[in-house]
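Quick notes on the structure that follows.
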Amino acid sequence: MSYHFNEIEAKWQKYWADNHTFKAENNSDKPKYYVLDMFPYPSGAGLHVGHPLGYIASDIYARYKRHKGFNVLHPQGYDSFGLPAEQYAIQTGQHPAITTETNIKTYRRQLDQIGFSFDWSREVRTSNPDYYKWTQWIFIQLFESYYCKDSNMARPIAELISVFEAEGNARINAACDDDVTAFTAEDWNGFSSEEQQDMLLKYRLTYLAKTEVNWCPALGTVLANDEIVNGVSERGGHPVIRKKMTQWSMRISAYAERLLQGLDTIDWTDSLKESQRNWIGKSVGASVTFNVNNHDAVIDVFTTRPDTIYGVSFMTLAPEHDLVSKITTAAQKAEVDAYIEATAKRSERDRMADVKTISGAFTGAYAEHPFTKEPIPIWIGDYVLAGYGTGAVMSVPCGDQRDYDFAKHFNIPIPNIFEGVDISEEAYSDKDNTVIANSDFLNGMNYKKATKRAIYELEQLGQGEGKTNYRLRDAVFSRQRYWGEPFPVYYVNGKPQMIALEHLPIVLPEVEKYLPTEEGEPPLGRADVWAWCTESNAVVPNDKINDTTVFPLELNTMPGWAGSSWYFFRYMEEAANRGNVFATEDALKYWENVDLYIGGSEHATGHLLYSRFWVKFMHDRGFVGVDEPFKKLINQGMILGTSAFVYRLTLENHSDYLANVLTGNEFTQEEKRKIDSFIEIYNNKVFASYEFVKNHPFKEWIPEQNKGTLHTYIPEIYEALRNHFKDMSKVIEGIGFTVSKVHVDVSFVDSSDKLNANKFEKWRPELSNSEFLLKEGSFLVSREVEKMSKSKYNVVNPDAICEQYGADSLRLYEMFLGPLEQAKPWNTAGITGVHGFLKKLWKLYVDDNGIKVNDAEPSKDNLKTLHKTIKKVEDDIENFSFNTSVSTFMIASNELTQQKCTSKAILEPLLVLISPYAPHIAEELWSKLGNDQSISTAPFPKFEEKHLVESSKNYPISFNGKMRFTLELPLDMSKDDIEKTVMAHEKTIAQLQGREPKKVIVVPGKIVNIVG
RNA sequence: GCUGAAGUGGUGGAAUUGGUAGACACGUUGGACUUAAAAUCCAAUGUCCAUUAGGACGUACGGGUUCAAGUCCCGUCUUCAGUACCA
């Protein structure tokens, strides 16, 4: 009986589905464990072998936890709103819901065939109205909340309103827009309803604001930064302009400090936490107000170094700063205007990328130093960004390198305010060893003391205060797209109104085209039935809009991160109980949060920050009990492709070339004609084995297809051409060629990098009848590691692997490739190693007569092999070191085969160890051993130290640290006895050649080292 | 520039606390079986020197600590990822 993996795998996948083997229970005596994969977007291309890597790892962990007696929640679903489906819809007119459905089917089939232990009964899809009903509900809750800085949490907006009614906003300490001014209870009560709504919007956790976006008029849409290349759109190369649009924003900045502090409570990688810390960008310092001379104006700056305030020798404003036009003197106006114009032309990217060019202009105006009252020239410079802080800097050239460079460039004085520091070459930015000088009351103080004192003195003057600044900006939440969640919002007199929970979901309307309207409105502007009737509480046709009972609905949709910011809570509830709540309290209480989250690092500052924000908000408002979504998080590394290249010859007639003329090589008309017809037949059809190119000095210069040309004279190839085309040497003499490197589909190449010429010729019509220049009888391709992508022909589909080797082989091999978190290249050739292991494993249990396992008493060696495997595998899984477990399994099966082990006492527990990795073969052999229950909850074997206890050790004997030979000695031998035995050994005597050792180091159980 | 991770045979990688560097695989070479191929099995395989015995070198590079360094310390280089005129 041999190992028929296809049959076995299909059988068990069906069994698991039919028996709901992996259904999680919401009521269980077992401890809970929640393992989650990052939400997949079901793309049209389906899965390639890189995608399941993280799913396999999490599946191993989930299965392991079941063996360890946990009630495991391991769900899966789809982040099914998104741009690709919408773009496909724009191109083809096909409704995104249909393509999404098709793509999900493909995904599901591919996932099923890999044998994941998902509880599919809990599947969610963000584009499903039953789901996005609750996304809309959360949005409403954000709208109905403000952030109270006193209690440091979100609270209902109603509380704020009652304070406004009773006493105005003077005592309110809340996160709000910068432009909020003070008002009294009388003011508030006197406000019109519209004025009150406007004011509340400045406090709400989601609010409407005019935000600058990258608007592409030609595409009629807003683009993300990475969709813009060199100032034009990536698609189509259309111009992009900065445009202000009214959009929903999320007041995530209110949570900056808590998002930062929360990082200390979760088990994430340092690099990930570091990215989030950088993104939040906390800096502690002071805000300082400078009066502008001869103007009724002030410049506010934020500085992290108030201690250096006496070193200020100029101010720099962003060219876009509002004050610039007001304060610029007539004499400087021309220069300043020219500079502003030049800056505006430079794209944000150019401006940021160019660090070397120092540019700026003097406004002619002066500010007043708060302490010395000296005039300080005000400059503008594009190294100051309008969007960060206040858009203005107090420039301290002696302490900041950029200020220093600017001052040097424009001959601005650089006063030195540091004691005993040379600043003639560069700025001195070391905070720790600073002693302040030339600074009046700050003289002699260190950074800490001087900072404190400077802030105190500024407060006395009323010109500054201590302040903490965060880089984190509020997140824009509107998208001008079709395929996303509609907002539960309609507008009365232009003011947003929320639709009550009982009328949700507001379902995405039908449109006849998925493009923006001609007027530049989002695609929902094309919907005919998209108005809200406050009497029937229903969506009604637009022509009913009367602005008394029927109002227009919001035209934007929500961004991709809306649905993915809370989906992990939805999984906690069983589908049957999801009707009236996003998840019941019991479910939320039982599952708490995700214990293990696995996914790619590209979500470091997007999804992973936004979901933390939403969870903290939901926690504040009492909707969930936890305030972090993901306790432990692991990033899986990317799987790269191993591209294959062939070397193609592009032929030219060189009969008249100098080289031939010089050698006296002449061609007759007849010969030239032959050359031409040869080229006609064989141009771009002759391929040279990589062996010919391998040692060429300019190998690196050989261009890829269509990427320039390089004439390469490779004598071996001429030689090969002459051999290949017998009796045509004269023709060959007259031919010149260019070699270019061409991607070839990796499925045509075998494990030894030999090309399958048949498959290659059938690939494309123009490749038929190709000629191959072999070296030593074989045609080799070259290989390079690149990102896996269709255009590089290095994509490997898991379907093909499952078909040829089976899902268990795929699972093992993905793990075997290397550490989970590291990027590593895929090379299908290596899979024969793990596949061979599974066959060997099978043979350990089954021979031609069926199962061969018996009740034989296990030998000492058998037990040793089993228990060292238990220990190693358990440690490995706990440390997410899955690659080393696979090696351990191989070693165990090699050893047990060697030992001719047939003992059930060994082979049965071994199956449990392997089952998280290769569940199908484990189930099959488990049932063959007579078990009638699935292996999935069989207890994990218990490690027993006693089987590993050794009586002797093969000591390495080193001389001056170099191992020369080994010696088997009893472990209970004393240090002295070991030394005596070793010193008396003939090999030791031979090594020493009569020398007297200076010292003998004996570490019992480890090593002996003889020095001298 | 900054932050983080990493650099080990032809290749993927192992070495968990400083203690036998290269486990386990792939590939390669040779052999067995076979009419042949596939499959399977056996052996060798870091580099160099040597017929053998054996020896020298060897974990990016240069130093250091130690009886002993892939592992610890200092410096340099390279690669990858993230981020960026962040005041």
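In what follows, chains carry the letters A, B, and so on, assigned in the order in which the sequence lines appear, proteins first and then strands, with residues in each chain numbered from 1.
- The side-chain heavy atoms of A:Trp826 and A:Met788, taken from C-beta on, include a pair separated by under 4.5 Å.
- Rounded to whole Å, atom P of B:rU3 lies 15 Å from atom CZ of A:Arg471.
- Between A:Tyr383 and A:Phe406, the angle of the ring planes lies from 30° to 60°, which puts this pair in the tilted group.
- Ring geometry, A:Phe965 versus A:Phe959: the interplanar angle falls from 30° to 60°, so the pair is classed tilted.
- The aromatic rings of A:Phe880 and A:Phe882 sit perpendicular to each other, their planes meeting at more than 60°, with 30° as the lower class boundary.
- Between A:Gly391 and A:Lys872, the one whose closest nucleotide on RNA chain B sits nearer the 5' end is A:Lys872.
- Nucleic acid contact class of A:Thr832 (heavy atoms, under 4.0 Å, all strands): sugar-phosphate only.
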Produce the list of close N/O pairs, under 3.5 Å, pairing protein atoms with atoms of nucleotides 11-13 of chain B; give distances to one decimal.
| from | atom 1 | to | atom 2 | distance (Å) |
| --- | --- | --- | --- | --- |
| B:rG12 | O2' | A:Leu817 | O | 2.5 |
| B:rG13 | OP1 | A:Gln822 | NE2 | 3.4 |
| B:rG13 | O3' | A:Asn883 | ND2 | 3.4 |

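- Spacing between B:rA60 and B:rG70 at atom C1', rounded to whole Å, works out to 12 Å.
- Taking atom P on both B:rG64 and B:rU59, the two are 15 Å apart, rounded to the nearest angstrom.
- Using a cutoff of 4.0 Å between basic side-chain nitrogens and carboxylate oxygens, A:Lys868 and A:Glu945 are not scored as salt-bridged.
- Residue A:Lys998 is out of contact with every strand shown, counting any heavy-atom pair closer than 4.0 Å.
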Every protein N/O within reach of nucleotides 65-68 of chain B N/O, cut-off under 3.5 Å:
| from | atom 1 | to | atom 2 | distance (Å) |
| --- | --- | --- | --- | --- |
| B:rC67 | O2' | A:Asn1009 | ND2 | 3.0 |
| B:rC67 | O2 | A:Asn1009 | ND2 | 2.9 |

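- B:rG9 adopts a syn glycosidic conformation, its chi angle falling within 90° of 0.
- Closest contact between the side chain of A:Lys840 and the listed nucleotides B:rC85, B:rC57, B:rC41 involves B:rC41.
- When heavy atoms are screened at a 4.0 angstrom cut-off, A:Arg964 is found touching the sugar-phosphate backbone but no base atom.
- Among the nucleotides B:rU20, B:rU16, B:rU3, the one closest to the side chain of A:Asp876 is B:rU16.
- Rounded to whole Å, the distance from NZ on A:Lys987 to P on B:rA53 is 12 Å.
- At the heavy-atom level, A:Asn894 lies under 4.0 Å from the strands shown only through sugar-phosphate atoms.
- A side-chain donor-acceptor contact under 3.5 Å links A:Arg473 to the backbone of A:Arg471.
- Looking at heavy atoms from C-beta onward, A:Val288 lies in side-chain contact with A:Leu458 at the 4.5 angstrom threshold.
- Ion pairing between a basic and an acidic side chain is recognised when a charged N comes within 4.0 Å of a carboxylate O; A:Asp976 and A:Lys980 show no such pairing.
- Rounded to whole Å, the P atom of B:rU16 lies 33 Å from the corresponding atom of B:rU83.
- Shown here for A:Ala361 and A:Tyr339, the closest heavy-atom pair between the two residues is CB-CB, 4.0 Å.
- Between A:Ile598 and A:Gln636, some side-chain heavy-atom pair lies under the 4.5 Å cut-off.
- A:Leu609 places its CG atom 13 Å from the P atom of B:rU83, with the value rounded to the nearest Å.
- Between A:Met638 atom CE and B:rA5 atom P there is a gap of 19 Å when expressed in whole angstrom units.
- By the 30° and 60° cut-offs, the orientation of the rings of A:Tyr917 relative to A:Phe889 is perpendicular.
- One interatomic measurement links the two molecules: NZ of A:Lys868 to P of B:rC24, which rounds to 10 Å at whole-angstrom precision.
- Comparing the C1' positions of B:rG75 and B:rA68 gives an interatomic distance of 24 Å, to the nearest angstrom.
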Secondary structure of RNA chain B per the Watson-Crick/G-U criterion (both distances under 3.5 Å; [ ] crossing, | other strand, . unpaired) is (((((((..(((......[....)))((((((.......))))))((((....))))..(((((..]....))))))))))))....

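- Projected onto RNA chain B by closest heavy-atom contact, A:Val886 and A:Thr304 fall at different nucleotides, the more 5' of which corresponds to A:Val886.
- Here the C1' atom of nucleotide B:rC26 and the OH atom of A:Tyr805 are 12 Å apart, to the nearest Å.
- The side chain of A:Thr303 sits closest to B:rA87 out of B:rA87, B:rA15, B:rU40.
- The interatomic distance linking A:Glu691 (CD) with B:rG27 (P) rounds to 17 Å, in whole Å.
- When distances run from any side-chain atom of A:Ala829 to the nucleotides B:rC24, B:rC26, B:rA39, the shortest one goes to B:rC26.
- Taking the C1' atom of each, B:rG18 and B:rU71 are spaced 7 Å apart, rounded to whole Å.
- For the C1' atoms, the distance linking B:rU8 with B:rA23 amounts to 13 Å, nearest Å.
- Comment: A:Lys282 engages A:Glu257 in a salt bridge, judged by a side-chain N to carboxylate O separation of less than 4.0 angstrom.
- Distance noted for atom P between B:rG27 and B:rA39: 10 Å (whole Å).
- Taking atom CG of A:Asn879 as the reference point, atom P of B:rA14 lies 13 Å away to the nearest angstrom.
- B:rA37 and B:rU28 are spaced 16 Å apart, taking the P atom of each and rounding to whole Å.
- Taking a cutoff of 4.0 Å between a charged side-chain nitrogen and a carboxylate oxygen, A:Asp875 and A:Lys871 qualify as a salt bridge.
- Cation-pi geometry between A:Lys839 and A:Tyr3 is not satisfied (NZ or CZ under 6.0 Å from the ring centre, within 45° of the ring normal).
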